[in-house]
Amino acid sequence: MTTMTSHTGERLGLDRRAVDELRATFRGELVAPGDGGYDQHRRVWNGSIDRHPALIARCAGVADVIDAVRFARRIGLVAAVRSGGHSFAGLSVCDDGMVIDLSLMKGVGVDLANRTVRAQAGVRLGELDRETQAFGLAVPAGLVTHTGLAGLTLGGGIGWLMRKYGLTIDQLLSVDLVTADGELVTASAEENADLFWGVRGAGGNFGVVTEFEFRLNPVGPLVLAGPVIWPMEQSAEVLRFYRDWITDVPDELTTVVVHRKAPPLGVLPSELHGRPIVSVICCYAGPVKDGERVVRPLKAFGSPLIDLCARTPFVEHQAMFDTSFPEGWWYYFRSCDVATLTDEVIDITAEHAQRIRSPLTAFPIFHLGGAVGRVSDDETAFNGRSAGHTFNINATTATGDGFDEEREWSRAFWSALRPYHTGVYVNFLMGEGQQRVRDAYGARKYGRLRELKRKYDPDNFFHMNQNIPPA
Ligand SMILES: Cc1cc2nc3c(=O)[nH]c(=O)nc-3n(C[C@H](O)[C@H](O)[C@H](O)COP(=O)(O)OP(=O)(O)OC[C@H]3O[C@@H](n4cnc5c(N)ncnc54)[C@H](O)[C@@H]3O)c2cc1C
């Protein structure tokens, strides 16, 4: 007998026989406490999350997902859905309930004639790039290759190619999704269009997406990309120059500013290791020669400690942050969008960056605009299209030691920026409560999403997510 929790909260005893019935036809793997691999499969990317599900259903295909959903519904279990396991708040694992784990579902199929790709939900960003970059094509996605494609897409998807091609959801043509009733449906512009609107920004709320279909875009394979780095003491001057410079850079250029203590990487001279730095990291999604002309003023600003912005394979650039955000470290985030980098925002940023203690903390500021802002706001549930920048104030320690102090730093920094917040990107939320989820969508879209939730999941079966309660 294993103890499980119903989604209304009361404790249930679960007869092993019920699990055995599920096991009889399940093609993937069912992992319970005490089974080999249990600790490995219950772990998520954020090491500060430590939950113990009663059952992990490692699905091999759509039929397994349908059976897992129906099983959890029948027994009345809490269910968490996991693809890449990178939810900041650890929403893809629960205590006592069931994890519907899609990480074994790795199929990727490129259709060169139609310039589209189908990817199953367990695919990670680097795995998708591996298949698409073989043909000089890409789906715009995030900055770290081990991030799950599913969770990233369902919240929006911001990354190196967004100013040229838009968000990850802007490439989405259709999804296959298992509803709370255990039915497989397709959502696209033509079919279940209301659902297709909702999954593009609030996706995890309506069902388990098993497969995505994306439009592909030409990228590289060589791009002009990488960081230009200055001492962090010069942060305010660098940011003021940066703010003015980016006002008229072409959409091909996406930049991210990162403040941190320089990591001990081989590409950096050892005398820089541990030194507080500010870097402007570029990715030019167009001809390298044009990119060199565009980034020249940045490279010429002040006296950079080092300039690593050069001709690089796109897949290598995509992996540049991989070692800075490994699985198992302790992470805490506060995030917000701001309209512009005003003098006040810059001064707050420069001041708080100097207070970073941990050698592992690195916080990115994304530059939005370009193609992201050209899609009409009503087109998708995602709500930050008119934002200028997204702050992701990430506090990181290797273990629990020093975590509380670093977390306080993140909170204080975020609070200081509060007068300038314009919204928040849902994928960068921790477990911050209903009002923050509402902030991510705005009142109007939040109301529309609640209606949609009532239609597709009236019992709120899928609630281990940035939850939208049914209207
Ligand atoms: C190191 C790191 C770097 C990141 N960089 C970026 C970035 O550059 N750009 C960006 O936009 N975001 C970025 N993110 C945020 C990222 O988009 C979210 O953490 C996202 O939720 C991760 O998806 P996942 O599949 O790995 O997560 P999971 O933890 O598996 O899931 C996250 C949420 O989505 C739901 N979900 C997952 N799969 C499905 C599915 N198949 N069907 C329905 N619901 C599902 C889960 O229930 C959960 O609520 C980053 C995150 C990390 C940890």
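Atoms within a ligand are numbered from 1 in the order they appear, just like the ligands themselves. Since we're looking at a predicted model, the values are computed, not measured. We number each residue from 1, following the sequence as shown.
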Asks: Is Ser92 close to ligand 1, meaning an N/O of one under 3.5 Å from an N/O of the other?
Replies: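 Right, the criterion is met.
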Asks: For atom 34 (O) of ligand 1, find the nearest protein heavy atom and state the residue, atom name and distance (0.1 Å precision).
Replies: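 Protein heavy atom with the smallest distance to atom 34 (O) of ligand 1: Gly151 CA, 3.9 Å.
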Asks: Before accepting this row, confirm whether a basic side-chain N of the pair Arg411/Glu406 lies closer than 4.0 Å to the acidic partner's carboxylate O.
Replies: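 Here Arg411 does not pair with Glu406 in a salt bridge, since their nearest N and O are not under 4.0 Å apart.
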Asks: Taking only heavy atoms of Leu143 into account, list the atoms of ligand 1 that are under 4.0 Å away from them.
Replies: 7 (C), 8 (O)
Asks: Indicate the atoms forming the closest heavy-atom contact of Phe461 with Arg73, along with that distance.
Replies: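 Closest heavy-atom pair between Phe461 and Arg73: CD1-CD, 3.3 Å.
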Asks: Please could you name the atoms of ligand 1 that Met464 approaches to less than 4.0 Å, counting only its heavy atoms?
Replies: 47 (O), 49 (O)
Asks: Of Asp378, Asp377, Thr380, which meets side chain to side chain donor-acceptor pair (under 3.5 Å) against Arg385?
Replies: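 So the option named by the test is Thr380.
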Asks: Measuring from atom 11 (O) of ligand 1, which candidate in Trp160, Tyr425, Phe366 has the nearest non-hydrogen atom?
Replies: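 Residue with the shortest heavy-atom distance to the ligand atom: Tyr425.
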Asks: Considering heavy atoms of the protein only, find what lies nearest to atom 47 (O) of ligand 1 and give residue, atom and distance to 0.1 Å.
Replies: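 The closest one turns out to be Val81 O, 2.8 Å.
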Asks: Which protein non-hydrogen atom lies closest to atom 2 (C) of ligand 1, naming both residue and atom, and how far is it?
Replies: Thr147 OG1, 3.8 Å
Asks: Suppose we measure from atom 32 (C) of ligand 1 to each protein heavy atom; which comes out shortest, and what is that distance?
Replies: Ser87 CB, 3.7 Å
Asks: Please name the pair of heavy atoms, one in Gly370 and one in Asp251, separated by the smallest distance, quoted to 0.1 Å.
Replies: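 Taking Gly370 first and Asp251 second, the nearest heavy atoms are CA-OD1, 3.5 Å.
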Asks: Identify, by atom number and element, the atoms of ligand 1 in contact range of Val209, meaning under 4.0 Å from any of its heavy atoms.
Replies: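 Ligand 1 atoms under the 4.0 Å threshold to Val209: 40 (C), 41 (N), 42 (N), 43 (C).
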Asks: Show the nearest heavy-atom pair for residues Ala381 and Lys445, with the distance to one decimal.
Replies: O-CD, 3.4 Å
Asks: Could you note down all residue pairs passing ring-ring contact (aromatic ring centres under 6.0 Å, His included) where residues 80-110 supplies at least one of them, sequence neighbours left out?
Replies: Trp45-His86, His86-His146, Phe88-Phe333, Phe88-Phe428
Asks: Do any nitrogen or oxygen atoms of Asn427 come within less than 3.5 Å of a nitrogen or oxygen of ligand 1?
Replies: yes
Asks: Has Phe206 got any heavy atom lying under 4.0 angstrom from an atom of ligand 1?
Replies: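 For ligand 1, residue contact (heavy atoms, under 4.0 Å) with Phe206 is absent.
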Asks: Could you check atom 44 (N) of ligand 1 against the protein and tell me its nearest heavy-atom contact, residue, atom and distance included?
Replies: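 Ranked first by proximity to atom 44 (N) of ligand 1 is Gly204 CA, 3.4 Å.
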Asks: Do NZ/NE/NH1/NH2 and the carboxylate oxygens of Glu127 and Lys106 come within less than 4.0 Å?
Replies: yes
Asks: Would you check whether Gly159 reaches within less than 4.0 Å of ligand 1, judged by its heavy atoms?
Replies: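 Under 4.0 Å: no for Gly159.
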Asks: Could you tell me which atoms of ligand 1, counted from 1 in the order shown, lie closer than 4.0 angstrom to a heavy atom of Phe325?
Replies: 1 (C)
Asks: For Arg130, look at atom CZ and say whether over 12 heavy atoms of other residues, nucleotides or ligands are found less than 6.0 Å away.
Replies: no
Asks: Considering only heavy atoms, does Phe321 approach ligand 1 within less than 4.0 Å through its side chain, its backbone, both, or neither?
Replies: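 No part of Phe321 is near ligand 1 at this cut-off.
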Asks: Any side-chain donor paired with an acceptor under 3.5 Å for Tyr456 and Asp194?
Replies: yes
Asks: Under 4.0 Å from a heavy atom of Val208: give me the atoms of ligand 1 that qualify, with their elements.
Replies: 42 (N), 43 (C)
Asks: Side chain, backbone, both or neither: which applies to Ala121 and ligand 1 if a contact is any heavy-atom pair less than 4.0 Å apart?
Replies: side chain
Asks: Which ligand 1 atoms does Leu154 reach within 4.0 Å, using its non-hydrogen atoms?
Replies: 39 (C), 40 (C), 42 (N), 43 (C), 44 (N), 45 (C)
Asks: Side chain, backbone, both or neither: which part of Leu152 comes within less than 4.0 Å of ligand 1 when only heavy atoms are counted?
Replies: both
Asks: Just go through Ala89, Ala79, Ser83, Cys59 and tell me whose heavy atom is the nearest to atom 38 (N) of ligand 1.
Replies: Ser83
Asks: Start with the C-alpha distance between Ile56 and Arg42, add both sets of side-chain angles, then the distance that settles side chain to side chain contact (heavy atoms under 4.5 Å, CB included), and finish with yes or no.
Replies: CA-CA 7 Å; Ile56 305 170; Arg42 74 177 179 82; 4.0 Å; yes
Asks: Quick one: look up the protein heavy atom nearest atom 9 (N) of ligand 1 and list residue, atom name and how far away it is.
Replies: Ile158 O, 2.6 Å
Asks: Between Val424 and Ser335, which heavy-atom pair has the shortest distance, and what is it?
Replies: CG2-O, 3.5 Å
Asks: Among all protein non-hydrogen atoms, which one is nearest to atom 52 (C) of ligand 1, and what is the separation to 0.1 Å?
Replies: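 I find the closest protein heavy atom is Phe88 CE2, 3.7 Å.
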Asks: Show which atoms of ligand 1 fall inside a sub-4.0 Å distance from at least one heavy-atom site of Gly207.
Replies: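 Counting atoms of ligand 1 from 1, those under 4.0 Å from Gly207 are 42 (N), 43 (C).
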Asks: Provide the closest heavy-atom pair for Gly159 versus Leu143 in the form atom of the first, atom of the second, distance.
Replies: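 Nearest heavy atoms, Gly159 then Leu143: CA-CD2, 3.9 Å.
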Asks: Against ligand 1, does Tyr331 come closer than 4.0 Å with any heavy atom?
Replies: no
Asks: Looking only at protein heavy atoms, which one is nearest to atom 14 (N) of ligand 1, and how far off is it?
Replies: Phe428 CE2, 3.8 Å
Asks: Just to verify, what does Thr153 make a side-chain contact (heavy atoms from CB on, under 4.5 Å) with, not counting sequence neighbours?
Replies: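 If we apply the side-chain contact (heavy atoms from CB on, under 4.5 Å) test to Thr153, skipping adjacent residues, the hits are Leu149, Thr168, Ile169, Leu172, Phe212, Phe214.
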Asks: Look at ligand 1 and say whether Gly85 reaches it with a heavy atom at a distance under 4.0 Å.
Replies: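 It does, in that a heavy atom of Gly85 comes within the 4.0 Å cut-off of ligand 1.
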Asks: Given that the side chain starts at C-beta and the backbone is N, CA, C, O, which of these parts of Leu177 lies under 4.0 Å from ligand 1, counting heavy atoms, or is it both or neither?
Replies: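 The answer is neither; Leu177 stays 4.0 Å or more away.
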Asks: Classify the side-chain pair Asn394/Thr396 by whether it contains a donor and acceptor separated by less than 3.5 Å.
Replies: yes
Asks: Any non-hydrogen atom of Gly90 lying under 4.0 Å from ligand 1?
Replies: no
Asks: Please list, in number order, the atoms of ligand 1 under 4.0 Å from a heavy atom of Gly142.
Replies: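 The atoms of ligand 1 under 4.0 Å from a heavy atom of Gly142 are 7 (C), 8 (O), 9 (N).
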Asks: Mind checking whether Phe366 and Tyr425 have ring centres under 6.0 Å apart?
Replies: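 Not under 6.0 Å, so no.
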Asks: Measure centre to centre between the rings of Trp160 and His317, then say whether the value is under 6.0 Å.
Replies: yes
Asks: Specify the closest pair of heavy atoms between Gln434 and Asn467, including all atoms of both residues, with the distance to one decimal.
Replies: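 Closest pair (atom of Gln434, atom of Asn467, distance): NE2-O, 2.7 Å.
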